[in-house]
Number of protein chains: 2
Amino acid sequence: MAVLFANFEPMNPHEESRCENCIIRELNALRSLKKEELKAISDAKVTRTVKKGESIFKEGEKLNGVFCVRDGVSKLSKLSENGKDQIVKIASKGEVMGQRSLIAEEAANLSAIALNDMQLCFIPKENFTESISKNPEFIQALLKNMAHELKLADDVIVNMAQKTVNQRVAGILLYLDTHFGTDADGYLSLVLSRNDIADVVGTATELCIRTLTKFKKEGLIETEGKRIKISDHDALDQLWDGV
Amino acid sequence: MAVLFANFEPMNPHEESRCENCIIRELNALRSLKKEELKAISDAKVTRTVKKGESIFKEGEKLNGVFCVRDGVSKLSKLSENGKDQIVKIASKGEVMGQRSLIAEEAANLSAIALNDMQLCFIPKENFTESISKNPEFIQALLKNMAHELKLADDVIVNMAQKTVNQRVAGILLYLDTHFGTDADGYLSLVLSRNDIADVVGTATELCIRTLTKFKKEGLIETEGKRIKISDHDALDQLWDGV
DNA sequence: GAAAGCAACTGACAAAAGTCATCTTTTTCG
DNA sequence: CGAAAAAGATGACTTTTGTCAGTTGCTTTC
């Protein structure tokens with residue numbers, strides 16, 4: 001399985017996207033939040049609309065709550081010292097952004113930017129931390145979750161350090177396929193700019209484009225504008241695995 | 001500050017290294033473990049000696065406890081699919097290994113190998129998980145800790161993806177300096193093989209050696225056998241920062 | 001203390017990745 | 001709509017990184 005992000009499993013598309021559902025899904029696999037807590041959180045939340053390209057929060061900012069993605073997709077990136085952005089995570093429906101910062105009581109380490117029009121729920125810090133301090137099951141679920149994310153992060157470190165750009169580009173394509181699926185024509189549903197793909201892979205945009213062009217010539221993918229269709233999934237898998 | 005590992009702050013060298021201290025230090029900045037719990041853990045622990053080069057645990061293994069480092073240094077690495085080892089962390093006195101796996105209830109993601117002769121305390125799973133389930137302050141300290149490690153891991157991802165081998169070699173030298181200090185002659189106290197340095201940096205041993213040779217010619221470092229002395233700390237800093 | 005084995009090192013070359021300039025296509029917006 | 005801006009694409013070139021083959025030198029061990 002192509003691990004380029006410390007992400008959660010793909011969401012069941014039939015799942016509802018109400019806020020109650022979203023916080024349960026991300027933070028609370030064990031359904032450990034009590035009814036009253038959900039109600040309290042639900043009442044406190046503020047819904048916000050963010051347009052494509054707009055910033056949700058920036059690295060270094062102090063967050064006073066967490067954002068739950070109701071709809072749309074956001075990239076979480078960090079500016080490296082050489083001036084290039086590195087995309088560390090892609091958050092979509094049902095995922096929560098900012099909880100790491102709240103828990104660690106640190107400023108945000110990443111910037112969040114909307115990749116398309118989004119609907120967000122904002123849950124104030126107080127509601128979030130209250131659940132942490134008062135509900136042991138909730139903390140345990142959170143802890144387990146973080147421990148799992150930490151493993152995935154280690155995997156990403158290994159992949160970034162050891163895989164070639166070729167392999168990592170194959171990886172992001174497979175990732176987009178398993179996590180966001182394809183449209184009616186077989187094209188990857190989540191359309192990223194070449195520049196964003198390069199920022200995920202950690203390479204220059206030109207090399208990213210060249211790599212995609214090469215994949216196209218080799219019959220691994222087809223493209224139409226910025227849209228990409230995977231035509232030889234197995235070959236991409238093998239490329240990723242280094243066969 | 002050079003972040004090549006998701007590690008903790010350097011340990012105060014005057015701190016005692018009894019087990020009570022070690023688990024407090026790593027997992028329990030808030031001194032949240034109660035006296036009786038410490039006693040119970042202390043009684044249950046098993047001390048073990050591991051010689052240089054020996055394995056402590058291997059990735060894929062199921063751990064039935066955590067290891068606390070009493071003395072010596074261990075590398076935590078993962079074999080990438082292309083057959084190369086990537087060192088993800090260096091654990092030294094006072095640090096705990098294996099807790100991530102226990103918390104996530106997953107097999108070990110990393111292998112631990114002693115870099116020199118070591119003294120370890122083994123704390124059985126039951127003692128560890130009991131503290132987790134019964135002591136809310138303990139979990140909170142752990143959670144906060146994990147959240148912080150996650151931030152560091154993200155930083156490492158960015159560094160591996162965006163920095164050159166040159167910069168990353170400078171980074172590990174600075175890291176070794178701040179975390180393990182120097183001996184009487186000014187040489188870095190923790191002596192790694194060129195191969196291990198390469199495995200931290202994520203490059204080939206030959207390139208790692210060449211880079212060190214270049215640093216030597218440029219007057220950034222001096223070497224004597226495998227020992228390394230930093231002669232121009234500022235220049236290494238600037239290199240790391242990409243100035 | 002000699003042989004074996006390993007780690008450090010070097011040269012020569014190949015492959016991968018980055019950069020700069022330029023051109024084309026698509027998208028955005030007044 | 002049409003101009004301007006942004007994104008995509010490609011060529012030519014440089015730099016970085018990887019690989020293979022081999023030498024040197026240290027250290028371990030019988």
Side-chain angles (χ1 to χ4, degrees), chain A residues 51-54 75 80-86 113 115-117 159-172 187-188 191-218 221-228 239 242, chain B residues 51-53 75 80-86 113 115-117 159-172 187-188 191-218 221-229 239 242:
Chain A
K51 280 190 200 142
K52 179 175 177 177
E54 282 182 358
K75 63 174 172 180
S80 78
E81 272 139 348
N82 69 11
K84 280 191 190 164
D85 262 322
Q86 177 68 36
I113 294 176
L115 285 173
N116 43 37
D117 292 351
N159 288 335
M160 296 309 279
Q162 302 279 357
K163 301 223 183 233
T164 63
V165 169
N166 255 302
Q167 292 180 300
R168 304 206 301 271
V169 171
I172 175 71
Y187 287 89
L188 294 173
V191 177
L192 296 181
S193 72
R194 301 297 194 248
N195 187 50
D196 278 341
I197 296 176
D199 284 351
V200 170
V201 167
T203 191
T205 310
E206 297 94 320
L207 182 54
C208 172
I209 291 173
R210 268 184 245 277
T211 305
L212 288 172
T213 306
K214 193 179 68 180
F215 285 0
K216 202 158 103 179
K217 280 181 188 154
E218 293 168 350
I221 61 171
E222 291 168 54
T223 63
E224 193 196 271
K226 50 164 57 179
R227 297 198 308 150
I228 298 172
L239 216 184
Chain B
K51 280 189 201 143
K52 179 176 176 176
K75 63 175 174 181
S80 79
E81 272 140 348
N82 69 12
K84 280 190 191 164
D85 261 323
Q86 177 69 35
I113 294 175
L115 285 174
N116 42 37
D117 292 350
N159 288 335
M160 296 308 279
Q162 301 279 357
K163 299 223 184 234
T164 64
V165 169
N166 254 303
Q167 293 179 301
R168 304 205 302 270
V169 171
I172 174 70
Y187 286 90
L188 294 173
V191 177
L192 296 181
S193 72
R194 301 297 193 249
N195 187 52
D196 278 342
I197 297 177
D199 283 352
V200 170
V201 167
T203 190
T205 309
E206 296 94 321
L207 182 55
C208 172
I209 291 173
R210 268 184 245 277
T211 306
L212 289 173
T213 306
K214 194 179 66 180
F215 284 0
K216 203 158 100 178
K217 280 181 190 155
E218 294 169 349
I221 61 170
E222 292 167 54
T223 64
E224 192 197 271
K226 50 165 57 178
R227 297 197 308 150
I228 298 172
K229 186 199 290 194
L239 216 183

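Proteins come first, then strands; the chains are lettered A, B, ... in the order of their sequence lines, and each starts at number 1. Everything numeric here is computed off the predicted structure, so don't read it as measured data.
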Between CD1 of B:I209 and P of D:dC20 the distance, given in whole Å, is 16 Å

D:dA7 P sits how many Å from A:K52 NZ, rounded?
-> 9 Å

Taking only the side-chain nitrogens and oxygens of B:R210, find out if one of them lies under 4.0 Å from OP1 or OP2 of C:dC9.
-> no

Between D:dT27 atom P and B:R227 atom CZ, what is the distance in whole Å?
-> 12 Å

So, does A:R194 use its side chain to make a donor-acceptor pair with the main chain of A:C208 at under 3.5 Å?
-> no

Under 4.0 Å between a side-chain N/O of A:K226 and OP1 or OP2 of D:dA9, yes or no?
-> no

Lys/Arg N to Asp/Glu carboxylate O, A:D196 vs A:K75, below 4.0 Å | yes

Just call it for A:K84: base, sugar-phosphate, or nothing, with non-hydrogen atoms closer than 4.0 Å on any strand.
-> sugar-phosphate

Atom CG of B:L115 to atom P of C:dA7: distance rounded to whole Å?
-> 13 Å

Nearest-Å distance for atom pair CG/P, residues B:L212 and D:dT17 = 14 Å

Write down the distance between CG (A:N166) and P (C:dA17), rounded to a whole number of angstrom.
-> 7 Å

Please evaluate the base of C:dC9 for a donor-acceptor partner in the side chain of B:E206 within a cut-off of under 3.5 Å?
-> no

Are there more than 12 heavy atoms of other residues, nucleotides or ligands under 6.0 Å from atom NZ of B:K229?
-> yes

Charged N to carboxylate O under 4.0 angstrom, A:K51 versus A:E54?
-> no

DNA chain C: 5'-proximal contact among A:L207 and B:T213 (nearest heavy atom) | B:T213

Determine yes or no for a side-chain-to-main-chain donor-acceptor pair under 3.5 angstrom, with A:N166 supplying the side chain and A:T211 the backbone.
-> no

Please state how far atom CD1 in B:I228 lies from atom P in C:dA7, giving the value in whole angstrom units.
-> 16 Å

Using a cut-off of 4.0 Å on non-hydrogen atoms, how would the nucleic acid contact of B:T203 be classed: base, sugar-phosphate, or nothing?
-> sugar-phosphate

Want to settle it: does A:L192 or A:A161 sit nearer the 5' end of DNA chain D, counting the closest nucleotide to each?
-> A:L192

Grab the NZ-P distance between B:K214 and D:dT15 for me, whole Å please.
-> 12 Å

